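The structure appears below as structure tokens.
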Amino acid sequence: MQECTEAQGCGLMDDMVKFTQKMSNVYMAKKAYEFLVSHDVLVGIPQETSTREGEDVTNAELLFIHTNGSPIRNIPPRPVIKPALKNSDNEIKRYRLKVLKTAVQGDFQGSLEDMERLGMKAQNVCRKWFVNPENGWAPNSPATIARKGSDRPLIDTGELRKSITYVVRKRGAGR
């Protein structure tokens, strides 16, 4: 115990108050951790809502094909989600940090709202990737240009781009 003078006062409970505050912070951090690890913010194309009018292939399958490419169909890889999020990492990081800060403050409803904003930001970043010159995609082949009239890949109808969305859910739900 520290020595005290008359001028300082001798708070006999000061150490206990400090300890209690630290324990309270630990408790809130634990609750925030439990909340955060029990929720997911997912961005992509849900298989169950990805059908394409009059097509055998779904938007989710089409995005998979374009992400990985198809040597059989002479389609080069044109990935969307991972490179789009990586390209906007600093912006996305700010949204993730807001989710964390709100949760640590014990405002779990506010943190869920921040997760919604994070999901919307990620969705928009991925949708903009289709026309972002930094995507590095190979232009359409001459045959595709002749058929579609454009050298810009994956933007003729916009259906694939618009199908990219986000969801906030409890971890393990909806699988």
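Everything quoted here is computed from the prediction, not taken from an experiment. Computed from heavy atoms alone, side chains included, the values below leave out hydrogens, waters and symmetry copies.
- What you find for T165 and P46 is that their closest heavy atoms are CG2-CD, 3.6 Å.
- At a threshold of 4.5 Å between side-chain heavy atoms, the hydrophobic network of Ile, Leu, Val, Met, Phe, Trp and Tyr places M28 and V104 in two separate groups.
- Residues P79 and P77 approach most closely at CD-C, 3.5 Å, considering heavy atoms.
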Test side-chain contact (heavy atoms from CB on, under 4.5 Å) applied to N132 and K128, step by step: CA-CA 6 Å; N132 187 330; K128 288 177 184 172; 5.8 Å; no

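- Qualifying ring pair (Phe, Tyr, Trp, His ring centres under 6.0 Å) partners for H66, counting only residues two or more places apart in sequence or in other chains: none.
- The existence of a salt bridge linking D89 and K86 is excluded, since no basic side-chain nitrogen approaches an acidic carboxylate oxygen closer than 4.0 Å.
- Rounded to the nearest 0.5 Å, atoms CZ (R171) and CG (D40) are 4.0 Å apart.
- Here S38 contributes atom OG and K170 contributes atom NZ; the two are 4.0 Å apart, rounded to the nearest 0.5 Å.
- Clustering ILVMFWY residues whenever any of their side-chain heavy atoms sit less than 4.5 angstrom apart, transitively, puts V167 in a cluster other than the one holding I92.
- A salt bridge links K31 to E34: one of the charged nitrogens lies within less than 4.0 Å of a carboxylate oxygen.
- With hydrogens and angles disregarded, a donor-acceptor distance shorter than 3.5 Å links the side chain of R127 to the backbone of K162.
- Taking 4.5 Å as the limit, every side-chain heavy atom of L85 sits out of range of all side-chain heavy atoms of W129.
- Annotation: side chain of V43 is in contact with side chain of C126 (closest heavy-atom distance under 4.5 Å).
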Might you work through the side-chain contact (heavy atoms from CB on, under 4.5 Å) test for R94 and E91, ending with a clear yes or no? CA-CA 5 Å; R94 284 195 300 271; E91 290 176 74; 3.6 Å; yes

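- Remark: T58 OG1 to L63 CG distance equals 9.5 Å, nearest 0.5 Å.
- Partners of F108 by ring pair (Phe, Tyr, Trp, His ring centres under 6.0 Å), not counting sequence neighbours, listed by chain and number: F35.
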Any chance you could lay out the side-chain contact (heavy atoms from CB on, under 4.5 Å) test for D156 and S150, step after step, and finish with the verdict? CA-CA 8 Å; D156 52 330; S150 171; over 6 Å; no

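- Cluster annotation: V168 is connected to L36 through the hydrophobic network of ILVMFWY side chains, with a link wherever side-chain heavy atoms come within less than 4.5 Å.
- Side-chain contact check for T67 versus R78: every heavy-atom pair is 4.5 Å or farther apart.
- Across all non-hydrogen atoms, the minimal contact from L160 to R52 is N-NH1, 3.9 Å.
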Evaluate side-chain contact (heavy atoms from CB on, under 4.5 Å) for I155 paired with V131, printing each intermediate quantity in order. CA-CA 8 Å; I155 62 165; V131 294; 4.2 Å; yes

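- A continuous path of ILVMFWY side-chain contacts below 4.5 Å connects Y95 to L97, so both sit in one hydrophobic cluster.
- Here the closest non-hydrogen pair linking E116 and Y166 is OE1-OH, 2.8 Å.
- Annotation for F130 and V80: closest pair CE1-CG1, 3.8 Å, computed over non-hydrogen atoms.
- Taking each heavy atom of L112 and H39 in turn, the nearest pair found is CD2-CD2, 3.6 Å.
- To the nearest 0.5 Å, atoms CD (E159) and OG (S50) are separated by 10.0 Å.
- Rounded to the nearest 0.5 Å, atoms CD (E61) and OG1 (T51) are 10.5 Å apart.
- Between the side chains of D107 and T102, no donor-acceptor pair of N or O atoms lies under 3.5 Å.
- Checked against S111 for a side chain to side chain contact (heavy atoms under 4.5 Å, CB included), the options Q109, E113, M115 give a single hit: M115.
- Between the OG atom of S163 and the CD1 atom of I45 there is a distance of 3.0 Å, given to the nearest 0.5 Å.
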